[in-house]
Amino acid sequence: MSTPIRGGYSLLLGGTLLMLFLAASGSFFHFENTAQLSLLYREDKLGLASIFFSRGNYYFGKQPETYDIEKAEWNFKTALRFENVHNAPIHYQLGRVAFIKGDLRLALVHFNAQLEADPTFNRSYYMRGLTYGYLNNFAKAEEDFAAYLERVPESWAAHNDIVWVYFRSGQFAKAEEYARKGLAVAPDNAWLSNALGGILVSTGRYDEAEPYLRTAREEFELIGPEGWGRAYPGNDPAIYEMGFEASLASVDHNLSLVAKAQSRE
C-alpha cells in the first residue's frame, strides 16, 4: 500500500529504497526516462502506482524502438500492487494489452474492472464494445458503442466501429445510417468513406458507392502508414505498413466490384 509522493520529500520508504537501488545500479536515468518522473513531479502525480503506470505507457507507445508489449504488461501489473491514489486507468491499459494479445475474455475482465473503478472513464465503453464485437456478441457491442457515442458524439472511430457491428450483424440500413452520421462528424474520413462505399456495394448501389470509395483511397494515400497507425494506438508500429496496405486492398476490392458492375450495364 503506497501513498502519493508529494513535493519530492514525503517519499514512501518503498519508493526511497527503489530510488536508492536504481541510483546504485546505474539504472536511475533509464528509469527516470521511462517513468517520466519529471513530468509526474510537475503534475503532482508521483506515487508508485503512477510511476509504474507511466513506465507501462512508455513501452506501450508508438515508437518502434521502445515498443515492448511484455514490458508494458509487467509494469501495468506492477502498478496494480500499489494504491492507485491518482486514479490511473490501469485496468483499461491491461485490457488493451489483453485485447492486442488476443485474450478477449481477459480484456473484458479488465474493462469491467475499470468501469467499476471509474464509470466516467469513457474509453472503457469503446474498447469493451470492440471486444464484444470480436466475440460476435453484437448486441453487447452495439450497447457499448452507443454508450460511448452518447458521451463522445464527435468520435469518428466509434461511428466506424458501430457501422462494423451493424454490417456484420446484417443490419445494413443501420450501418448506412451511422456511416453517414460519422461522415457528418468527419467529412471524407478514409475509414468511414470505405465503410459507406462497401455498404452501398453490398446493397447493389454501385454508382453511388464509387465516389466514396475513391475518396477513401485518396485519403488513405494522403495519411500513409503513419497516419493509419495513429488510428490504432497500442498496436506494434511494425504492423503499420501491413495494416495500411490491407486498408488499400479493401478499397481496391470494392472498386473492382463497382467496375465489374458498371461494365455489365
Side-chain angles (χ1 to χ4, degrees), residues 62-64 67 69 96 99-102 104 126-127 129-138 141-142 145 148-149 154-265:
K62 297 177 181 179
Q63 300 304 316
Y67 183 91
I69 198 168
R96 290 178 64 219
F99 177 87
I100 289 170
K101 294 175 79 170
L104 301 182
Y126 180 93
M127 282 304 304
L130 198 59
T131 307
Y132 277 130
Y134 276 101
L135 287 168
N136 299 323
N137 190 335
F138 301 127
E142 177 189 358
F145 283 130
Y148 184 78
L149 281 169
E154 71 279 7
S155 171
W156 71 261
H159 280 91
N160 187 63
D161 285 319
I162 200 169
V163 167
W164 169 70
V165 167
Y166 284 134
F167 188 85
R168 290 189 64 208
S169 60
Q171 300 181 69
F172 298 127
K174 278 280 196 180
E176 181 179 345
E177 175 190 348
Y178 274 85
R180 294 188 185 279
K181 284 181 178 180
L183 284 169
V185 170
D188 298 333
N189 176 271
W191 285 268
L192 285 163
S193 295
N194 187 38
L196 181 54
I199 293 162
L200 295 171
V201 165
S202 296
T203 53
R205 294 143 70 189
Y206 299 101
D207 289 341
E208 191 179 347
E210 184 176 11
Y212 289 106
L213 295 171
R214 297 211 177 278
T215 294
R217 201 177 206 297
E218 290 169 5
E219 293 299 314
F220 274 127
E221 288 175 342
L222 280 173
I223 64 174
E226 288 302 314
W228 183 94
R230 282 194 290 274
Y232 299 95
N235 279 300
D236 188 340
I239 73 164
Y240 287 0
E241 183 72 38
M242 181 173 63
F244 173 71
E245 292 297 334
S247 293
L248 287 182
S250 170
V251 178
D252 289 341
H253 173 70
N254 285 326
L255 281 169
S256 72
L257 295 177
V258 169
K260 286 178 183 177
Q262 290 173 338
S263 69
R264 293 193 297 265
E265 293 176 354

Atom CD of Glu218 and atom CD1 of Ile223: how far apart are they, to the nearest 0.5 Å?
13.0 Å
Kindly say whether Gly243 contributes a backbone atom to a donor-acceptor pair with the side chain of Ser247 at under 3.5 angstrom?
yes
Measuring from Gln171:CD to Glu142:CD, what's the distance to the nearest 0.5 Å?
6.0 Å
Assess the residue pair Asn136 and Arg168 against the criterion (side chain to side chain contact (heavy atoms under 4.5 Å, CB included)); give the C-alpha distance rounded to whole Å, side-chain angles, the decisive distance to 0.1 Å, and a yes or no.
CA-CA 9 Å; Asn136 299 323; Arg168 290 189 64 208; 2.5 Å; yes
What are the two closest heavy atoms between Phe138 and Ser169, and how far apart are they?
CD1-CB, 3.7 Å
One pair to check against side chain to side chain contact (heavy atoms under 4.5 Å, CB included): Asp161 and Tyr126. What are the steps and the verdict?
CA-CA 9 Å; Asp161 285 319; Tyr126 180 93; 2.2 Å; yes
Val163 versus Ala175, closest heavy-atom pair with distance
CG2-O, 3.4 Å
What distance do Leu183 atom CG and Asp188 atom CG have between them, rounded to the nearest 0.5 Å?
7.5 Å
Which atoms form the tightest heavy-atom contact between Ala141 and Gly133, and what is the distance?
CB-N, 3.7 Å
Do Leu200 and Tyr206 have side chains that get closer than 4.5 Å, going by heavy atoms?
no
With rounding to the nearest 0.5 angstrom, report the CG to CG distance, Asn194 to Asn254.
5.5 Å
Identify the heavy atoms of Gly197 and Ala209 that sit nearest to each other, and give their distance.
O-CB, 3.5 Å
On a heavy-atom basis, the closest approach of Val201 and Leu257 is CG1-CD1, 3.8 Å
When you check the side-chain N and O atoms of Glu219 and Asn189, is any donor under 3.5 Å from an acceptor?
no
Geometric class of the Tyr134/Trp164 ring pair [parallel <30°, tilted 30-60°, perpendicular >60°]
tilted
For Tyr166 and Phe172: C-alpha separation, side-chain torsions, deciding distance, then whether ring pair (Phe, Tyr, Trp, His ring centres under 6.0 Å) applies.
CA-CA 7 Å; Tyr166 284 134; Phe172 298 127; over 10 Å; no
Evaluate Arg230 against Glu226 for salt bridge (Lys or Arg N to Asp or Glu O under 4.0 Å), listing each step before the verdict.
CA-CA 6 Å; Arg230 282 194 290 274; Glu226 288 302 314; 5.4 Å; no
Stepwise side chain to side chain contact (heavy atoms under 4.5 Å, CB included) test for Val185 and Leu192
CA-CA 10 Å; Val185 170; Leu192 285 163; over 6 Å; no
How many angstroms lie between CH2 in Trp228 and CE in Met242, if you round to the nearest 0.5 Å?
7.5 Å
Gap between atom CG of Leu135 and atom CG of Leu130 - 0.5 Å precision
10.0 Å
Salt bridge or not between Arg217 and Glu221? Use side-chain N to carboxylate O under 4.0 Å.
yes
Would you say that Ile239 contacts Tyr232 through its side chain, given a criterion of any heavy-atom pair below 4.5 Å between the two side chains?
no
Is a side-chain donor or acceptor of Arg96 paired with a backbone partner of Met127 at a separation under 3.5 angstrom?
no
Angle between ring planes, Tyr178 versus His159, binned at 30° and 60°: parallel, tilted or perpendicular?
tilted
Salt-bridge test for Arg180 and Glu176: reply yes if a basic N is under 4.0 Å from a carboxylate O, no otherwise.
yes
Side chains of Tyr132 and Leu104: does their closest heavy-atom pair fall under 4.5 Å?
no
Show the nearest heavy-atom pair for residues Ala158 and Leu149, with the distance to one decimal.
CB-CD2, 3.6 Å
